[in-house]
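A short worksheet on the structure shown next.
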Amino acid sequence: MNNKYLLLSHCKWQMVSTMNFIKKAKSVLRQVVFITLLIPLPLYALDIIDILGGEELPPAGRKAPVQKNGANNPNLLGKTNNTQSSDVLDILGGEELSPLNKANISKESPYNEENKGKNQIDNVPVNRYGNPDCVECDLVKERGFESCMIAVLHLYTGEGFNFKLPREALESKGFSIYRWADTPPSPQELDAKLKQASQLWIISDQGKKLTDAHLQVIKLFFDTGKGVYIWGDNIPFYADANYVAEALLGTKMLGNTHGDQIVSLQTQQNQAGLISGHLITTGLQHLYEGITIATIQPSPTLKPLIYGSANNLVAATYDKYGKRAIIDGGFTRLYLKWDTAGTGRYVKNAAGWLVNYERLGKTNCQAQVK
C-alpha cells in the first residue's frame, strides 16, 4: 500500500512538474513571438507585399484581387485578417516596399540625388520665371532612365497637339515613347505593349473611347506597381480620364475653370500653389497651370500636388500599396505655352517618379520601342 502511495505521489509530482514546464514554455514562446512581431514588423509587412506582387490587400468584406488569368491569387487563400494587413501597408505609406527588391536598385541612382526634392537649389542661377536653371536641377539625370518606355493613349489630338514637346523632354531623360493617336488599340495590343512599358499616360478626349476590356488591362498594369498618368481638361475633355480615375483612384475631375496663370510654391493649405518637397516638384518654384482646367475632386486616397490660381485642385498624386498615379486636369500645358514656367521640368520629373524606382528599380525598363 505504501509503495502504491509513493508511486502515485511520484507520478503526480512528475505531472505537476511537466505542467509547470509547459506553462513556462508557453510564456517564453509568447514573449518570443511578441518580440519577433514587434521589432521587425516592417519586414513582415514587406514580405506580405512581395507575396501579393505589390497589390493592395483586400479590406474585409471585399473580394480578393483577381489575377490576369482570372484565378484568385493563391497566396491570399486562408488569410482571415486582411484588414490588419492593409493597415500594415498603410503604415508603410506606399514607399519602398521590399528588401528583396533592393537587388533591383542600380548602384548609380537615376536621380540627381543632391537636389531631389528641393525646390530651391543653392548657388544656381534662376531663369526668367524664377526656377533654378541647370540640368542637375531636374529630378532625373540626363539619360537616367535609358530604355524605360512610356506608353501613351493620346486620345485628344486637336489644336495641333502632337506630343512633340513632351516627347523631346522625356527622351532627354532616356525615356522612349510608344503612342497611339486618336484611337486606342485593341485591348490585346494594349496588353502586349504594356508588358514592355514602365508607365502609361492617358490623355482624354471629350467622348469615351476606352472599353471595359481596356480598363481591365489598365487596372492589371496599375496593380503591378507601374505608373499611370491620367490627363483631362475642361469639360467635356475628361470622359476617359474619369472612366479610368474612378476605377483606379475612386475620384474624378469636373468643371471648367479659366487659369492661364503661373503659380508659385504654396504658402497656405488648400490655396494656390505647388506642394513643396515632393520629388515631382524638384527644381520648381513656379509653374504654369494651363489655360482652361478641370478640378480634381477631393479623395482620401489622393495627395494634392498643384492648386491653380483659383484655389482649385489641378493635379494630385496617388502613392499607396506600392502603386503610383497622377491625375491632372490641365493637359493644355502639354502643348500651349510650353515654355512658360517649368512645364518641361515638371513633365520629366513626373515621368521619373512614375517609374516607381524606389520599389521596382529598373526592372520595368528593359524594352525598346519597335
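With ring centers used as reference points, Tyr229 lies under 6.0 Å from Trp201.
Judged by distance alone, with hydrogens and angles left aside, the side-chain atoms of Asp205 form no donor-acceptor pair with the main-chain N or O of Gly207 at under 3.5 Å. Panel note: side chain Thr282, backbone Lys116; no donor-acceptor pair is recorded below 3.5 Å. Although no hydrogens or angles enter the test, the distance criterion places no donor-acceptor pair under 3.5 Å between the side chain of Asp260 and the main chain of Gly290. Here the side chain of Gln297 pairs a donor or acceptor atom with the backbone of Thr295 at under 3.5 angstrom. Under a 3.5 Å cut-off, the side chain of Tyr335 and the backbone N or O of Lys164 do not form any donor-acceptor pair. A donor-acceptor contact shorter than 3.5 Å is absent between the side chain of Arg345 and the backbone of Leu284. In this structure, Thr332 contributes its side chain and Ile291 its backbone to a donor-acceptor pair below 3.5 Å. Ser204 places no side-chain N or O within 3.5 Å of a backbone atom of Gly232 that could act as its donor or acceptor partner. Although no hydrogens or angles enter the test, the distance criterion places no donor-acceptor pair under 3.5 Å between the side chain of Asn242 and the main chain of Lys252. When atom types are taken as modelled, the side chain of Arg143 and the backbone of Glu171 share a donor-acceptor pair closer than 3.5 angstrom.
Side-chain atoms of Tyr111 and Asn349 include no donor-acceptor pair closer than 3.5 Å. The closest side-chain donor-acceptor pair between Asn312 and Tyr307, if any, does not fall under 3.5 angstrom. Judged by distance alone, the side chains of Thr292 and Asn234 do bring a donor and an acceptor atom under 3.5 Å apart. Side-chain contact, Asn112 with Glu136: no donor N or O sits under 3.5 Å from an acceptor N or O. Side chains of Thr211 and His214: a donor-acceptor N/O pair is present below 3.5 angstrom, by distance only. Looking only at atom types and distance, the side chain of Glu289 has a donor-acceptor partner in the side chain of Ser309 under 3.5 Å away. Side-chain polar atoms of Tyr238 and Asp233 form no donor-acceptor pair below 3.5 angstrom. For the residue pair His286 / Ser264, a side-chain donor-acceptor distance below 3.5 Å is found, with atom types taken as modelled.
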If you apply the rule side-chain hydrogen bond (donor to acceptor under 3.5 Å, both in side chains), what do you find for Asp212 with Tyr243, and how did you get there?
CA-CA 9 Å; Asp212 290 348; Tyr243 178 53; 2.4 Å; yes
Assess the residue pair Asn162 and Thr157 against the criterion (side-chain contact (heavy atoms from CB on, under 4.5 Å)); give the C-alpha distance rounded to whole Å, side-chain angles, the decisive distance to 0.1 Å, and a yes or no.
CA-CA 6 Å; Asn162 58 11; Thr157 57; over 6 Å; no
Stepwise side-chain contact (heavy atoms from CB on, under 4.5 Å) test for Cys365 and Val355
CA-CA 9 Å; Cys365 292; Val355 171; 4.2 Å; yes
Is there a side-chain contact (heavy atoms from CB on, under 4.5 Å) between Leu139 and Ile280? Walk through the geometry before answering.
CA-CA 7 Å; Leu139 170 63; Ile280 298 175; 5.9 Å; no
Please determine whether salt bridge (Lys or Arg N to Asp or Glu O under 4.0 Å) holds for the pair Lys303 and Asp319, giving the CA-CA distance in whole Å, both sets of side-chain angles, and the decisive distance to 0.1 Å.
CA-CA 8 Å; Lys303 292 184 178 180; Asp319 189 8; over 6 Å; no
side-chain contact (heavy atoms from CB on, under 4.5 Å) between Thr281 and Leu305, worked out
CA-CA 8 Å; Thr281 60; Leu305 184 66; 4.0 Å; yes
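A search for ring pair (Phe, Tyr, Trp, His ring centres under 6.0 Å) contacts involving Tyr288 returns nothing, not counting sequence neighbours.
Electrostatic pairing of Glu108 and Lys141 counts as a salt bridge here, judged by a charged N lying under 4.0 Å from a carboxylate O. Between Asp138 and Lys348 there is a salt bridge, since a side-chain N of the basic residue sits under 4.0 Å from a carboxylate O of the acidic one.
The environment of Lys219 atom NZ is sparse: at most 12 non-hydrogen atoms of other residues, nucleotides or ligands sit within 6.0 angstrom. Other residues, nucleotides and ligands contribute over 12 non-hydrogen atoms within 6.0 Å of the CD atom of Glu113. Within a 6.0 Å sphere centred on CD of Glu114, heavy atoms belonging to other residues, nucleotides or ligands number 12 at most.
In this structure, the side chains of Tyr318 and Ile327 stay at 4.5 Å or more apart for every pair of heavy atoms. Contact of the Val152 side chain with the Ile203 side chain is registered, since non-hydrogen atoms from C-beta on lie closer than 4.5 Å. Put simply, the side chain of Val314 reaches to within 4.5 Å of the side chain of Arg333, judged on heavy atoms. By the 4.5 Å heavy-atom criterion applied to side chains, Leu170 and Val347 are counted as neighbours. Two residues are said to be in side-chain contact when any heavy atoms from C-beta on lie closer than 4.5 Å; Gln285 and Pro132 meet this criterion.
Hydrophobic cluster membership is shared by Tyr321 and Ile230, with clusters built from Ile, Leu, Val, Met, Phe, Trp and Tyr side chains linked at under 4.5 angstrom.
To the nearest 0.5 Å, atoms CG (Leu334) and OG1 (Thr343) are separated by 8.0 Å. One finds the CE atom of Met149 at 8.0 Å from the OH atom of Tyr178 (value rounded to the nearest 0.5 Å). A distance of 5.5 Å separates CH2 of Trp353 from CD1 of Ile326, quoted to the nearest 0.5 Å. Here Asn311 contributes atom CG and Thr257 contributes atom OG1; the two are 10.5 Å apart, rounded to the nearest 0.5 Å.
Summarising the geometry of Gly225 relative to Asn356, their closest heavy-atom pair is O-ND2, 2.9 Å, with the distance given to 0.1 Å.
A cation-pi contact, defined as under 6.0 Å to the ring centre and within 45° of the axis, is absent between Lys173 and Phe145.
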